[in-house]
Amino acid sequence: MPLLEVSHLSLSLQTPRGRALAVRDLNFTLERGSTLGLIGESGCGKSLTALALMGLLPGHAQVQGSIRFEGQELTGLAEPALCKLRGNRLAMIFQEPMTALNPVHSIGRQVAEPLRWHQKLGAREARERAVQMLERVGIARAGQRFDDYPHQFSGGQRQRITIAMALACGPDLLIADEPTTALDVSVQQQILNLLQELVAEHSMALLLISHDLGVIGQSAEHLLVMYGGSVVESGMSQALFAYQAHPYTRGLFAAQPRLALPLAPQGRRGHLPTIAGSVPELVDLPAGCRFAGRCAFTEPSCHSLRPEPLTLEWAPQSAPASLGPWIQPHVLHCLRPEAVQSMEVRP
Ligand SMILES: Nc1ncnc2c1ncn2[C@@H]1O[C@H](COP(=O)(O)OP(=O)(O)OP(=O)(O)O)[C@@H](O)[C@H]1O
Ligand SMILES: [Mg+2]
(Lines give C-alpha, C1' and ligand atoms only; values in the text may rest on other atoms or scores of the structure.)
(Ligands and ions follow the chains in the order given, each with its own letter.)
Protein backbone atom coordinates (compact mmCIF):
# COMPACT_ATOMS: atom_id res chain seq x y z
CA MET A 1 0.00 0.00 0.00
CA PRO A 2 1.49 3.41 -0.92
CA LEU A 3 2.02 5.81 1.97
CA LEU A 4 -0.04 8.48 0.24
CA GLU A 5 -2.65 7.90 -2.43
CA VAL A 6 -4.49 10.84 -3.91
CA SER A 7 -7.34 10.08 -6.29
CA HIS A 8 -9.64 12.37 -8.20
CA LEU A 9 -8.89 15.22 -5.83
CA SER A 10 -10.63 18.44 -6.83
CA LEU A 11 -11.16 21.56 -4.82
CA SER A 12 -13.19 24.65 -5.42
CA LEU A 13 -12.87 28.07 -3.82
CA GLN A 14 -15.08 31.08 -3.37
CA THR A 15 -13.58 33.96 -5.38
CA PRO A 16 -14.90 37.52 -5.88
CA ARG A 17 -16.24 36.36 -9.28
CA GLY A 18 -17.91 33.20 -8.04
CA ARG A 19 -16.90 29.65 -7.22
CA ALA A 20 -13.92 28.34 -9.15
CA LEU A 21 -12.33 24.94 -9.52
CA ALA A 22 -8.80 25.67 -8.26
CA VAL A 23 -7.55 22.07 -8.41
CA ARG A 24 -9.04 19.57 -10.84
CA ASP A 25 -8.86 15.78 -10.74
CA LEU A 26 -5.45 15.25 -9.20
CA ASN A 27 -4.17 11.65 -9.08
CA PHE A 28 -0.85 10.50 -7.67
CA THR A 29 0.79 8.15 -5.22
CA LEU A 30 3.83 8.61 -3.05
CA GLU A 31 5.86 5.78 -1.56
CA ARG A 32 8.06 5.74 1.52
CA GLY A 33 11.69 6.65 0.84
CA SER A 34 10.94 8.61 -2.32
CA THR A 35 10.62 12.22 -3.39
CA LEU A 36 7.89 13.59 -5.61
CA GLY A 37 8.50 17.04 -7.06
CA LEU A 38 5.59 19.37 -7.80
CA ILE A 39 6.31 22.18 -10.25
CA GLY A 40 4.34 24.81 -12.12
CA GLU A 41 3.98 28.57 -12.46
CA SER A 42 2.87 30.82 -9.64
CA GLY A 43 -0.85 30.40 -8.96
CA CYS A 44 -1.18 26.92 -10.48
CA GLY A 45 -2.41 25.37 -7.22
CA LYS A 46 0.72 23.88 -5.64
CA SER A 47 0.21 25.34 -2.17
CA LEU A 48 -3.53 24.65 -2.24
CA THR A 49 -2.78 21.00 -3.01
CA ALA A 50 -0.35 20.89 -0.10
CA LEU A 51 -2.85 22.51 2.26
CA ALA A 52 -5.54 20.06 1.13
CA LEU A 53 -3.28 17.14 2.07
CA MET A 54 -2.73 18.69 5.51
CA GLY A 55 -6.44 19.43 6.02
CA LEU A 56 -5.65 23.15 6.30
CA LEU A 57 -7.72 24.66 3.50
CA PRO A 58 -9.68 27.87 4.06
CA GLY A 59 -13.23 27.29 5.36
CA HIS A 60 -14.88 28.19 2.05
CA ALA A 61 -13.00 25.48 0.13
CA GLN A 62 -14.92 22.40 -0.99
CA VAL A 63 -13.00 19.18 -1.49
CA GLN A 64 -13.95 16.19 -3.60
CA GLY A 65 -12.09 12.95 -4.12
CA SER A 66 -9.87 10.97 -1.84
CA ILE A 67 -6.61 11.43 0.10
CA ARG A 68 -5.47 8.21 1.72
CA PHE A 69 -2.58 8.19 4.16
CA GLU A 70 -1.53 4.60 4.93
CA GLY A 71 -4.98 3.57 3.80
CA GLN A 72 -6.76 6.01 6.12
CA GLU A 73 -9.07 8.47 4.39
CA LEU A 74 -8.12 12.05 5.33
CA THR A 75 -10.88 13.96 3.56
CA GLY A 76 -13.68 14.55 6.01
CA LEU A 77 -11.60 13.27 8.93
CA ALA A 78 -12.57 14.92 12.21
CA GLU A 79 -10.19 17.64 13.46
CA PRO A 80 -8.99 15.75 16.60
CA ALA A 81 -7.92 12.78 14.46
CA LEU A 82 -6.16 15.09 12.00
CA CYS A 83 -4.38 16.87 14.87
CA LYS A 84 -2.88 13.56 15.96
CA LEU A 85 -1.32 13.11 12.52
CA ARG A 86 -0.35 16.70 11.76
CA GLY A 87 3.07 17.77 13.02
CA ASN A 88 3.73 14.18 13.94
CA ARG A 89 3.42 11.67 11.08
CA LEU A 90 2.40 14.28 8.52
CA ALA A 91 4.33 17.57 8.53
CA MET A 92 4.65 20.59 6.32
CA ILE A 93 7.25 23.28 5.75
CA PHE A 94 5.14 26.31 4.84
CA GLN A 95 5.97 28.68 2.03
CA GLU A 96 5.66 31.71 4.31
CA PRO A 97 7.83 31.10 7.38
CA MET A 98 6.25 33.94 9.35
CA THR A 99 2.78 32.40 9.14
CA ALA A 100 4.15 29.15 10.53
CA LEU A 101 5.93 30.77 13.50
CA ASN A 102 4.07 32.26 16.42
CA PRO A 103 5.62 35.67 17.19
CA VAL A 104 4.83 35.51 20.93
CA HIS A 105 6.55 32.19 21.68
CA SER A 106 10.27 31.50 21.74
CA ILE A 107 11.58 29.50 18.79
CA GLY A 108 12.83 26.75 21.10
CA ARG A 109 9.40 26.28 22.60
CA GLN A 110 7.88 26.06 19.14
CA VAL A 111 10.31 23.37 17.96
CA ALA A 112 10.02 21.44 21.23
CA GLU A 113 6.22 21.63 21.45
CA PRO A 114 5.40 18.85 18.95
CA LEU A 115 7.86 16.59 20.75
CA ARG A 116 6.12 17.17 24.08
CA TRP A 117 2.63 16.98 22.63
CA HIS A 118 2.95 14.02 20.24
CA GLN A 119 5.84 12.08 21.69
CA LYS A 120 5.17 12.94 25.36
CA LEU A 121 8.82 13.85 26.01
CA GLY A 122 9.73 15.63 29.23
CA ALA A 123 10.84 19.27 29.11
CA ARG A 124 14.57 18.53 29.29
CA GLU A 125 14.56 15.78 26.65
CA ALA A 126 12.34 17.79 24.29
CA ARG A 127 14.73 20.74 24.67
CA GLU A 128 17.75 18.58 23.87
CA ARG A 129 16.11 17.13 20.78
CA ALA A 130 14.93 20.57 19.64
CA VAL A 131 18.44 22.02 20.02
CA GLN A 132 19.87 19.10 18.02
CA MET A 133 17.34 19.68 15.24
CA LEU A 134 17.99 23.45 15.21
CA GLU A 135 21.70 22.74 14.91
CA ARG A 136 21.06 20.28 12.09
CA VAL A 137 19.29 22.96 10.07
CA GLY A 138 22.20 25.33 10.66
CA ILE A 139 21.10 27.62 13.51
CA ALA A 140 24.39 28.56 15.17
CA ARG A 141 24.56 28.46 19.00
CA ALA A 142 21.07 26.91 19.04
CA GLY A 143 21.30 26.18 22.80
CA GLN A 144 21.88 29.84 23.60
CA ARG A 145 19.31 31.10 21.15
CA PHE A 146 16.62 28.67 22.30
CA ASP A 147 14.65 31.33 24.19
CA ASP A 148 14.87 34.00 21.48
CA TYR A 149 11.76 35.07 19.57
CA PRO A 150 11.13 34.81 15.81
CA HIS A 151 11.67 38.55 15.19
CA GLN A 152 15.25 38.19 16.48
CA PHE A 153 16.13 35.99 13.50
CA SER A 154 16.70 36.75 9.83
CA GLY A 155 14.25 35.57 7.15
CA GLY A 156 16.54 32.71 6.17
CA GLN A 157 17.01 31.65 9.80
CA ARG A 158 13.25 31.73 10.36
CA GLN A 159 12.78 29.48 7.35
CA ARG A 160 15.27 27.05 8.88
CA ILE A 161 13.45 27.17 12.23
CA THR A 162 10.18 26.19 10.52
CA ILE A 163 12.06 23.31 8.88
CA ALA A 164 13.29 22.18 12.31
CA MET A 165 9.69 22.37 13.60
CA ALA A 166 8.40 20.24 10.73
CA LEU A 167 11.15 17.65 11.15
CA ALA A 168 11.07 17.50 14.97
CA CYS A 169 8.91 14.38 15.26
CA GLY A 170 10.48 12.54 12.33
CA PRO A 171 7.39 12.60 10.06
CA ASP A 172 6.55 9.77 7.64
CA LEU A 173 5.42 12.29 5.07
CA LEU A 174 6.92 15.74 4.71
CA ILE A 175 5.41 18.35 2.44
CA ALA A 176 7.98 21.03 1.72
CA ASP A 177 6.50 24.09 0.00
CA GLU A 178 9.39 26.08 -1.50
CA PRO A 179 11.56 25.19 1.52
CA THR A 180 14.73 26.88 0.37
CA THR A 181 13.64 30.06 -1.44
CA ALA A 182 14.80 32.46 1.29
CA LEU A 183 18.16 30.73 1.70
CA ASP A 184 21.50 31.42 0.12
CA VAL A 185 22.97 28.73 -2.09
CA SER A 186 25.22 27.03 0.47
CA VAL A 187 22.49 26.81 3.12
CA GLN A 188 20.02 25.68 0.48
CA GLN A 189 22.34 22.79 -0.36
CA GLN A 190 22.68 21.89 3.32
CA ILE A 191 18.88 21.74 3.73
CA LEU A 192 18.37 19.72 0.54
CA ASN A 193 21.04 17.29 1.71
CA LEU A 194 19.36 17.01 5.12
CA LEU A 195 15.98 16.28 3.50
CA GLN A 196 17.55 13.66 1.26
CA GLU A 197 19.26 12.04 4.27
CA LEU A 198 15.90 11.75 6.02
CA VAL A 199 14.31 10.27 2.90
CA ALA A 200 17.09 7.69 2.64
CA GLU A 201 17.70 6.92 6.34
CA HIS A 202 14.19 7.11 7.75
CA SER A 203 12.27 6.17 4.61
CA MET A 204 10.47 9.47 4.84
CA ALA A 205 8.30 10.36 1.84
CA LEU A 206 8.86 13.89 0.56
CA LEU A 207 6.53 16.03 -1.54
CA LEU A 208 8.84 18.81 -2.68
CA ILE A 209 7.27 21.93 -4.16
CA SER A 210 9.68 24.19 -5.94
CA HIS A 211 9.78 26.51 -8.91
CA ASP A 212 13.51 25.78 -9.19
CA LEU A 213 14.08 22.96 -11.67
CA GLY A 214 17.67 22.64 -10.45
CA VAL A 215 16.43 21.84 -6.95
CA ILE A 216 13.82 19.43 -8.31
CA GLY A 217 16.24 17.75 -10.71
CA GLN A 218 18.69 17.15 -7.89
CA SER A 219 16.18 15.86 -5.32
CA ALA A 220 13.04 14.41 -6.88
CA GLU A 221 12.97 11.16 -8.81
CA HIS A 222 9.26 11.58 -9.57
CA LEU A 223 7.58 14.68 -10.89
CA LEU A 224 4.15 16.28 -11.32
CA VAL A 225 3.86 19.29 -13.62
CA MET A 226 0.80 21.41 -12.84
CA TYR A 227 -0.90 24.11 -14.84
CA GLY A 228 -4.08 25.94 -13.87
CA GLY A 229 -4.90 23.42 -11.13
CA SER A 230 -4.47 20.34 -13.35
CA VAL A 231 -1.57 17.98 -13.79
CA VAL A 232 -0.44 18.17 -17.42
CA GLU A 233 2.44 15.68 -17.24
CA SER A 234 3.77 13.28 -14.60
CA GLY A 235 6.34 10.54 -14.35
CA MET A 236 9.96 9.82 -13.51
CA SER A 237 11.96 13.05 -13.52
CA GLN A 238 14.58 11.52 -15.77
CA ALA A 239 11.99 10.74 -18.48
CA LEU A 240 10.22 14.03 -18.01
CA PHE A 241 13.43 16.07 -18.29
CA ALA A 242 14.38 14.09 -21.39
CA TYR A 243 11.08 14.08 -23.29
CA GLN A 244 9.19 17.17 -22.05
CA ALA A 245 6.13 15.73 -23.73
CA HIS A 246 3.70 18.53 -22.82
CA PRO A 247 4.05 21.97 -24.46
CA TYR A 248 3.71 23.57 -21.03
CA THR A 249 6.56 21.45 -19.63
CA ARG A 250 8.69 22.57 -22.57
CA GLY A 251 7.83 26.19 -21.88
CA LEU A 252 8.75 25.84 -18.22
CA PHE A 253 12.08 24.22 -18.98
CA ALA A 254 12.92 26.74 -21.68
CA ALA A 255 12.16 29.62 -19.28
CA GLN A 256 14.58 28.30 -16.66
CA PRO A 257 17.66 30.52 -16.38
CA ARG A 258 20.87 28.81 -17.35
CA LEU A 259 24.29 29.83 -16.18
CA ALA A 260 25.76 30.32 -19.62
CA LEU A 261 23.29 32.40 -21.57
CA PRO A 262 24.65 33.20 -25.01
CA LEU A 263 26.15 36.65 -25.31
CA ALA A 264 24.50 38.79 -27.95
CA PRO A 265 26.92 40.39 -30.47
CA GLN A 266 26.78 43.72 -28.63
CA GLY A 267 27.96 41.92 -25.51
CA ARG A 268 24.51 41.94 -23.87
CA ARG A 269 23.00 38.75 -22.55
CA GLY A 270 20.28 37.10 -24.62
CA HIS A 271 16.67 37.18 -23.46
CA LEU A 272 15.17 34.17 -21.72
CA PRO A 273 12.28 32.63 -23.59
CA THR A 274 8.99 33.01 -21.74
CA ILE A 275 5.64 31.25 -22.03
CA ALA A 276 3.40 33.58 -24.04
CA GLY A 277 0.46 35.08 -22.14
CA SER A 278 -0.21 34.70 -18.43
CA VAL A 279 -2.14 32.34 -16.20
CA PRO A 280 -5.85 33.25 -16.51
CA GLU A 281 -7.92 33.83 -13.40
CA LEU A 282 -9.39 30.67 -11.90
CA VAL A 283 -12.92 31.44 -13.10
CA ASP A 284 -11.64 32.07 -16.65
CA LEU A 285 -9.81 28.77 -17.13
CA PRO A 286 -11.04 26.92 -20.23
CA ALA A 287 -13.33 23.91 -19.76
CA GLY A 288 -11.16 21.69 -21.96
CA CYS A 289 -7.36 21.73 -21.77
CA ARG A 290 -6.50 24.42 -19.28
CA PHE A 291 -3.37 25.40 -21.22
CA ALA A 292 -5.30 25.87 -24.47
CA GLY A 293 -5.27 29.67 -24.37
CA ARG A 294 -1.46 29.83 -24.29
CA CYS A 295 -0.35 26.84 -26.29
CA ALA A 296 1.25 27.05 -29.76
CA PHE A 297 -0.35 23.72 -30.73
CA THR A 298 -3.95 24.62 -29.84
CA GLU A 299 -6.74 23.77 -32.24
CA PRO A 300 -10.40 24.65 -31.60
CA SER A 301 -11.29 21.34 -29.89
CA CYS A 302 -8.60 21.90 -27.22
CA HIS A 303 -10.79 24.61 -25.65
CA SER A 304 -13.69 22.26 -25.07
CA LEU A 305 -12.35 18.67 -24.84
CA ARG A 306 -10.67 17.53 -21.67
CA PRO A 307 -7.46 15.64 -22.42
CA GLU A 308 -7.59 12.06 -21.16
CA PRO A 309 -4.44 10.70 -19.49
CA LEU A 310 -2.16 9.07 -22.01
CA THR A 311 0.59 6.71 -20.84
CA LEU A 312 3.79 7.14 -22.81
CA GLU A 313 6.12 4.27 -23.53
CA TRP A 314 9.72 4.50 -22.51
CA ALA A 315 12.08 1.80 -21.43
CA PRO A 316 11.70 1.48 -17.65
CA GLN A 317 14.19 -1.39 -17.61
CA SER A 318 16.86 1.12 -18.52
CA ALA A 319 16.21 3.12 -15.34
CA PRO A 320 19.28 3.16 -13.08
CA ALA A 321 19.08 1.12 -9.86
CA SER A 322 19.32 4.36 -7.82
CA LEU A 323 15.72 5.09 -8.80
CA GLY A 324 14.59 2.23 -6.58
CA PRO A 325 11.84 -0.24 -7.27
CA TRP A 326 9.02 2.23 -7.79
CA ILE A 327 8.77 3.15 -11.47
CA GLN A 328 6.05 5.64 -12.15
CA PRO A 329 4.44 5.60 -15.61
CA HIS A 330 4.97 8.68 -17.75
CA VAL A 331 1.51 10.19 -18.19
CA LEU A 332 0.62 13.05 -20.49
CA HIS A 333 -2.59 15.08 -20.63
CA CYS A 334 -2.58 16.55 -24.12
CA LEU A 335 -4.92 16.33 -27.09
CA ARG A 336 -2.15 16.81 -29.66
CA PRO A 337 0.77 14.64 -28.51
CA GLU A 338 1.95 13.77 -32.03
CA ALA A 339 2.15 17.42 -33.06
CA VAL A 340 4.15 18.27 -29.93
CA GLN A 341 6.46 15.31 -30.26
CA SER A 342 7.23 16.07 -33.89
CA MET A 343 9.13 19.11 -32.63
CA GLU A 344 12.53 18.47 -31.07
CA VAL A 345 13.17 19.46 -27.48
CA ARG A 346 15.54 22.40 -27.39
CA PRO A 347 18.89 21.31 -25.95
N1 LIG B 1 -7.72 31.49 0.26
C2 LIG B 1 -7.91 31.66 -1.06
N3 LIG B 1 -9.06 32.23 -1.54
C4 LIG B 1 -9.25 32.39 -2.86
N5 LIG B 1 -8.37 32.06 -3.81
C6 LIG B 1 -7.21 31.50 -3.41
C7 LIG B 1 -6.91 31.28 -2.03
N8 LIG B 1 -5.67 30.72 -1.93
C9 LIG B 1 -5.22 30.60 -3.20
N10 LIG B 1 -6.15 31.07 -4.09
C11 LIG B 1 -6.02 31.07 -5.56
O12 LIG B 1 -5.83 29.73 -5.98
C13 LIG B 1 -4.85 29.66 -7.02
C14 LIG B 1 -3.73 28.72 -6.61
O15 LIG B 1 -3.02 29.29 -5.51
P16 LIG B 1 -1.75 28.58 -4.84
O17 LIG B 1 -1.39 29.37 -3.63
O18 LIG B 1 -2.02 27.14 -4.65
O19 LIG B 1 -0.65 28.78 -5.98
P20 LIG B 1 0.87 28.25 -6.01
O21 LIG B 1 0.98 27.31 -7.18
O22 LIG B 1 1.29 27.75 -4.70
O23 LIG B 1 1.67 29.59 -6.42
P24 LIG B 1 3.10 30.17 -5.89
O25 LIG B 1 4.14 29.51 -6.80
O26 LIG B 1 2.99 31.63 -6.16
O27 LIG B 1 3.26 29.83 -4.47
C28 LIG B 1 -4.42 31.09 -7.28
O29 LIG B 1 -5.17 31.56 -8.37
C30 LIG B 1 -4.79 31.83 -6.02
O31 LIG B 1 -5.10 33.16 -6.30
MG1 LIG C 1 2.57 28.43 -3.26
Side-chain angles (χ1 to χ4, degrees), residues 1-14 19-40 43-95 100 114 118 166-167 169-179 195 199 202-210 220-235 282 290 309 326 328-329 331 333:
M1 182 198 307
L3 182 72
L4 179 71
E5 195 166 15
V6 172
S7 22
H8 303 296
L9 180 71
S10 295
L11 61 98
S12 68
L13 293 174
Q14 195 58 50
R19 266 207 108 68
L21 200 56
V23 170
R24 181 170 82 177
D25 199 18
L26 215 59
N27 295 281
F28 65 89
T29 53
L30 181 49
E31 304 276 358
R32 286 180 183 77
S34 58
T35 301
L36 174 67
L38 177 54
I39 59 171
C44 74
K46 304 182 296 294
S47 295
L48 280 176
T49 302
L51 294 172
L53 300 179
M54 294 292 289
L56 292 173
L57 286 170
H60 57 87
Q62 284 175 0
V63 180
Q64 283 184 328
S66 157
I67 302 168
R68 285 182 171 271
F69 179 69
E70 272 192 325
Q72 183 181 17
E73 183 58 54
L74 298 189
T75 56
L77 194 64
E79 193 54 27
L82 263 177
C83 279
K84 273 196 184 153
L85 292 174
R86 232 190 262 131
N88 187 23
R89 308 205 43 220
L90 194 65
M92 176 159 169
I93 299 169
F94 291 88
Q95 188 170 10
H118 291 296
L167 295 176
C169 290
D172 297 303
L173 169 65
L174 176 70
I175 300 168
D177 194 356
E178 304 279 3
L195 294 180
V199 168
H202 302 288
S203 285
M204 182 177 82
L206 173 64
L207 176 64
L208 178 63
I209 301 175
S210 176
E221 65 273 19
H222 308 271
L223 208 52
L224 294 177
V225 183
M226 252 179 125
Y227 178 79
S230 292
V231 167
V232 295
E233 188 172 357
S234 61
L282 289 179
R290 292 196 150 191
W326 180 39
Q328 217 193 169
V331 179
H333 300 251

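Source: prediction; values computed, not measured.
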Side-chain atoms of residues 73-84: list all donor-acceptor pairs with protein atoms under 3.5 Å, sequence neighbours left out, distances to 0.1 Å.
residue : atom : partner : partner atom : Å
E73     : OE1  : S66     : OG           : 2.8
E73     : OE2  : I67     : N            : 2.9
E73     : OE2  : T75     : N            : 3.3
E73     : OE2  : T75     : OG1          : 2.6
E79     : OE2  : R86     : NH1          : 3.0
E79     : OE2  : R86     : NH2          : 3.2

Taking only distance into account, with no hydrogens and no angle test, what donor-acceptor pairs under 3.5 Å do side-chain atoms of residues 47-62 form with protein atoms, sequence neighbours excluded?
residue : atom : partner : partner atom : Å
S47     : OG   : Q95     : OE1          : 2.9
S47     : OG   : D177    : OD2          : 2.6
T49     : OG1  : G45     : O            : 2.7
H60     : ND1  : Q14     : N            : 3.1

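L173 is listed as a side-chain neighbour of L90, based on a closest heavy-atom distance under 4.5 Å. The side-chain heavy atoms of S234 and L224, taken from C-beta on, include a pair separated by under 4.5 Å. Counting heavy atoms from C-beta outward, H222 and T35 have side chains that stay 4.5 Å or more apart. By the 4.5 Å heavy-atom criterion applied to side chains, M1 and T29 are not counted as neighbours. In this structure the side chain of L4 reaches within 4.5 angstrom of the side chain of F28, judged on heavy atoms. Counting heavy atoms from C-beta outward, V199 and S203 have side chains that stay 4.5 Å or more apart. Inter-residue side-chain proximity for L207 and L174 is flagged as unmet; no heavy-atom pair is nearer than 4.5 Å.
E178 pairs by the side-chain hydrogen bond (donor to acceptor under 3.5 Å, both in side chains) definition with H211, not counting sequence neighbours. Scored by the side-chain contact (heavy atoms from CB on, under 4.5 Å) test, H8 finds D25, N27 as partners (sequence neighbours excluded). In this structure R89 satisfies the salt bridge (charged side-chain N to carboxylate O under 4.0 Å, His left out) test together with E70, D172, sequence neighbours excluded. Taking A176 as the reference, I93, P179, L206, L208 meet the side-chain contact (heavy atoms from CB on, under 4.5 Å) condition, with sequence neighbours excluded.
When all heavy atoms of G37 and A220 are compared, the pair lying nearest together is N-CB, 3.5 Å. Nearest approach of P114 to C169, heavy atoms of both residues: O-SG, 3.5 Å. Taking every heavy atom of both residues into account, K46 and G40 meet most closely at NZ-O, 2.9 Å. Here the closest non-hydrogen pair linking A166 and A91 is O-CB, 3.2 Å. For the pair F94 and A100, the tightest heavy-atom approach, listed with the atom from each and the gap, is CD1-CB, 3.8 Å. When all heavy atoms of L223 and L36 are compared, the pair lying nearest together is N-CD1, 3.8 Å.
Using modelled atom types, one finds a donor on one side chain and an acceptor on the other under 3.5 Å when comparing R19 with S12.
Between the CG atom in L21 and the OG atom in S10 there is a gap of 5.5 Å [rounded to 0.5 Å]. Atom OG of S7 is separated from atom CD of E5 by 5.5 Å, given to the nearest 0.5 angstrom. Distance check, rounded to the nearest 0.5 Å: CE of M226 to SG of C44 gives 5.5 Å. If you take CZ on R24 and NE2 on H333, they are separated by 10.0 Å, rounding to the nearest 0.5 Å.
Within the structure, the salt bridge (charged side-chain N to carboxylate O under 4.0 Å, His left out) test picks out no pair touching residues 53-62 (sequence neighbours left out).
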